[in-house]
Amino acid sequence: MDKTIGLACNILTGKLDANQAVTGGEYPFFTCAEYPDQIDHFTYDDDVVLVAGNNARGNFHVSRYKGKFNAYQRTYILTAKKGFNIDYVYYALKLELKRLREKSQGSQTKFLTMPILTGIHFRDITGDEQTEIANVLSAIDKKIELNNRINAELESMAKTLYDYWFVQFDFPDDSPQGQGKPYKTSSGKMVYNPTLKREIPKGWEVDTLSSWIKSDKTGDWGKEEQEGNYTIQVDCIRGADINGLNGNGKINAPNRFILRKNDHKLLAPFDFVIEISGGSPTQSTGRMAYITDDVLNRFPHPLICSNFCKAISLHNKDLFYCFAYLWGNLYDNGILFGWEGKTSGIKNLLFDAFVTKYYVAVPPVHLAKQFFDFVAPLEQKKQSLLKESSKLETLRDWLLPMLMNGQVTVK
């Protein structure tokens, strides 16, 4: 006889409003979004499964966490009762996400009620069997988590060096008097620039972002099925996939077919993909992902971006990672909020106006090349780990139903 979530778990709900998240908070704040925000205080300290209680499209999320945290008022917090393994409960709910979506209530926003959650069934097996199954699946997830931590460290290394060299201007001074010392700290010559209204290193130019850009290409959406001249099979990167492309979430790039004459829209190494429509009140448009050979190798088909994105390429490849981190810095500091318009309620990035009117300090090419040479192997390692994690996720998702339903047993 099957067991239910209500029998296996004690269930609480969160207490906070979703807008109580704070930047730089110490504790995770679980809301109905896929990934937690941060908050500066905690209410719970336990080994739990968290289930999002509402979602506009019924895409409910299940999270696993141990430690101090806080939770949104429509988030369910589950702890395992005696005889039940909390990891097994987590995977049982992961398996039932589609059913949760089907049973959810509401029209515009889908709600997961307590009776729906507590009524979810799973196979009646012993606690030891639960642990054996959970250990197999957890081992895969732990490897994926390790890969994510390594990638976060690699990204932090690159960002730290970018800030040190191109924001604080403490790049290695290669002049005879500098002898490789940090430029600004070692009294390198700084000059005031009236356009930027601040000091920059002597010899650096100031120009618009458009001076970096060689060309751009619009996105494409094509057809769902091959028909007529729509013969090139592609994977289409949307704004929703950009975080995943950067290693901060999942990619669900739709498979499409585009016209043969539009093959010039295919993404190539050293392209950037920029989201130009979308965003939210707290997230501006303008998220960016960059394309390398290793990124392209993660996909079974050539890549394009959707109509809500734009792809650009630069005049000089050596500036590639400088531009990437410069744009990321502008985005993270909220600059792009000031360059948005609205059409039918959808925010649009005023891309042409932004890149032709926004001035930045342009580093010498030899310094940009040094930064490129530092970041390129880090990015290659990062993409390798993302590809490995994708394969592990596929393996886990293949094993999950068979282990939970008893089609495969753990020896």
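Throughout, residue positions are numbered sequentially from 1 according to the sequence presented. Just so it is clear, the values below take in all heavy atoms, side chains as well, and ignore hydrogens, waters and symmetry mates.
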Discussion item. Both conditions, 6.0 Å and 45 degrees, for the charged tip of Lys223 above the ring of Tyr230: are they met here?
Written reply: yes
Item to complete: Given side-chain contact (heavy atoms from CB on, under 4.5 Å), test Asn70 with Tyr27 step by step and report yes or no.
Response: CA-CA 7 Å; Asn70 232 315; Tyr27 305 103; 5.9 Å; no
Item to complete: Assign the ring pair Trp212 / Phe323 to parallel, tilted or perpendicular, where the plane angle (0 to 90°) is split at 30° and 60°.
Response: tilted
Discussion item. Regarding Asn329 and Asn333, do their side chains bring together a donor and an acceptor under 3.5 Å, going by distance alone?
Written reply: yes
Discussion item. Can you tell me how far apart CD1 (Ile5) and CE (Met114) are? Round to the nearest 0.5 Å.
Written reply: 12.0 Å
Worksheet item: Can you name the residues that form a side chain to side chain donor-acceptor pair (under 3.5 Å) with Asp207, not counting sequence neighbours?
Response: none
Worksheet item: Mind checking whether Leu296 and Ile291 have side chains closer than 4.5 Å, heavy atoms only?
Response: yes
Item to complete: Could you tell me how the ring of Phe69 sits relative to the ring of Phe30: parallel (under 30°), tilted (30 to 60°) or perpendicular (over 60°)?
Response: perpendicular
Worksheet item: Relative to each other, are the rings of Phe371 and Tyr325 parallel, tilted or perpendicular (30° and 60° limits)?
Response: perpendicular
Item to complete: Compare every heavy atom of Lys184 with every heavy atom of Gln168, then report the nearest pair and how far apart it is.
Response: O-CD, 3.5 Å
Item to complete: Would you tell me whether Glu129 and Thr126 have side-chain atoms, one donor and one acceptor, within less than 3.5 Å of each other?
Response: yes
Worksheet item: Would you find more than 12 non-hydrogen atoms of other residues, nucleotides or ligands less than 6.0 Å from Phe299 atom CZ?
Response: yes
Practice prompt. Supply the atom-to-atom distance Leu395 CG to Ile140 CD1, rounded to the nearest 0.5 angstrom.
Written response: 4.0 Å
Worksheet item: Does any non-hydrogen side-chain atom of Tyr90 lie less than 4.5 Å from one of Val51?
Response: no
Worksheet item: Is the number of heavy atoms from other residues, nucleotides or ligands within 6.0 Å of NZ (Lys217) greater than 12?
Response: yes
Worksheet item: Which is it for Val355 and Trp339 under the side-chain contact (heavy atoms from CB on, under 4.5 Å) test, yes or no, and what are the steps along the way?
Response: CA-CA 10 Å; Val355 300; Trp339 297 87; over 6 Å; no
Fill in: Residue Glu205 excluded, over 12 heavy atoms near CD under 6.0 Å
no
Item to complete: Take Asp87 and Leu137, measure what side-chain contact (heavy atoms from CB on, under 4.5 Å) needs, and give me the verdict at the end.
Response: CA-CA 9 Å; Asp87 284 320; Leu137 297 169; over 6 Å; no
Practice prompt. For Glu26, look at atom CD and say whether over 12 heavy atoms of other residues, nucleotides or ligands are found less than 6.0 Å away.
Written response: no
Discussion item. Quick check: do Ile335 and Tyr358 have side-chain heavy atoms less than 4.5 Å from each other?
Written reply: yes
Fill in: Glu379 side chain reached by Tyr321 side chain, heavy atoms, under 4.5 Å
yes
Worksheet item: Does a side chain donor of either Asn246 or Asn248 reach within less than 3.5 Å of an acceptor in the other side chain?
Response: no
Worksheet entry | Polar side chain donor-acceptor pair, Thr79 to Asp46, under 3.5 angstrom | no
Practice prompt. Apply side-chain hydrogen bond (donor to acceptor under 3.5 Å, both in side chains) to the pair Asp174 and His366, showing each step before the final yes or no.
Written response: CA-CA 10 Å; Asp174 58 1; His366 77 274; 3.0 Å; yes
Practice prompt. Applying side-chain hydrogen bond (donor to acceptor under 3.5 Å, both in side chains), run through Tyr72 and Gln20 and close with a yes or a no.
Written response: CA-CA 9 Å; Tyr72 170 53; Gln20 291 182 258; over 6 Å; no
Practice prompt. Take Asp141 and Leu392 through the test side-chain contact (heavy atoms from CB on, under 4.5 Å) and record every step on the way to the result.
Written response: CA-CA 8 Å; Asp141 276 335; Leu392 289 170; over 6 Å; no
Fill in: Note: Glu96-Arg99 ion pair, threshold 4.0 Å (strictly below)
yes
Worksheet item: Where do Gln283 and Tyr331 come nearest, in terms of heavy atoms and distance?
Response: CG-OH, 3.1 Å
Item to complete: Look up atom OH in Tyr76 and atom CG in Leu93, then write down how far apart they are to the nearest 0.5 Å.
Response: 12.5 Å
Discussion item. Using a strict threshold of under 4.0 Å (side-chain N to carboxylate O), is an ion pair present between Asp47 and Arg64?
Written reply: yes
Worksheet item: Per the side chain to side chain contact (heavy atoms under 4.5 Å, CB included) rule, which among Lys381, Gln383, Lys382, Lys387 passes with Leu385?
Response: Lys381
Discussion item. Using a 6.0 Å cut-off, check whether atom CD of Gln38 has over 12 heavy atoms from anything other than its own residue.
Written reply: yes
Fill in: Pair Asn193, Lys197: side-chain N/O donor-acceptor within cut-off below 3.5 Å
no
Item to complete: Examine the side chains of Asn348 and Glu340 and answer whether a donor and an acceptor come within less than 3.5 Å of each other.
Response: no
Worksheet item: With ring centroids as reference points, do Trp327 and Phe354 lie under 6.0 angstrom apart?
Response: yes
Discussion item. Any carboxylate oxygen within less than 4.0 angstrom of a Lys/Arg side-chain nitrogen, looking at Asp294 and Arg298?
Written reply: no
Item to complete: Taking the side chain as every heavy atom from C-beta outward, state whether Lys265 and Thr218 have any pair of such atoms under 4.5 Å apart.
Response: yes
Discussion item. Could you measure the distance from the CG atom of Leu146 to the CD1 atom of Ile144? Nearest 0.5 Å is fine.
Written reply: 11.0 Å
Worksheet item: So how far is it from Arg256 CZ to Ile232 CD1, rounded to the nearest 0.5 Å?
Response: 14.5 Å
Discussion item. So that I can tick it off, tell me whether Glu153 and Arg149 are bridged by a salt bridge, with the cut-off set at under 4.0 angstrom between side-chain N and carboxylate O.
Written reply: no
Worksheet item: Is there side-chain contact between Arg74 and Thr13, with heavy atoms separated by less than 4.5 Å?
Response: no
Fill in: Other residues, nucleotides, ligands: >12 heavy atoms within 6.0 Å of Asn405 CG
yes
Worksheet item: What class does the angle between the rings of Tyr183 and Phe171 fall in, given that below 30° is parallel, 30 to 60° is tilted and above 60° is perpendicular?
Response: parallel
Practice prompt. Could you list the residues that satisfy side chain to side chain donor-acceptor pair (under 3.5 Å) with Thr409, not counting sequence neighbours?
Written response: none
Worksheet item: Can Asp173 and Lys181 be counted as an ion pair, charged N to O under 4.0 angstrom?
Response: no
Discussion item. Here's a test for you: under ring-ring contact (aromatic ring centres under 6.0 Å, His included), which of Trp165, Phe166, Tyr164 qualifies with Tyr162?
Written reply: Phe166
Discussion item. Contact between Leu245 and Ile237 at the side-chain level, heavy atoms closer than 4.5 Å - yes or no?
Written reply: yes
Worksheet item: Looking at Glu34 and Ser63, what are the two nearest heavy atoms and their distance?
Response: O-OG, 4.4 Å
Item to complete: Look at atom CD of Glu224 and say whether more than 12 heavy atoms of other residues, nucleotides or ligands are closer to it than 6.0 Å.
Response: no
Practice prompt. Report yes if some heavy atom in the side chain of Met157 is under 4.5 Å from a heavy atom in the side chain of Leu378; otherwise report no.
Written response: yes
Practice prompt. Give the intermediate values and the outcome of salt bridge (charged side-chain N to carboxylate O under 4.0 Å, His left out) for residues Lys68 and Asp45.
Written response: CA-CA 4 Å; Lys68 297 179 175 67; Asp45 185 0; 3.6 Å; yes
Worksheet, complete the sentence: Sorted by chain and residue number, the side-chain contact (heavy atoms from CB on, under 4.5 Å) partners of Lys310 (sequence neighbours excluded) come out as Asp216, Ile276, Ile312, Phe351
Item to complete: Evaluate side-chain hydrogen bond (donor to acceptor under 3.5 Å, both in side chains) for Ser215 paired with Ser313, printing each intermediate quantity in order.
Response: CA-CA 6 Å; Ser215 62; Ser313 60; 2.9 Å; yes
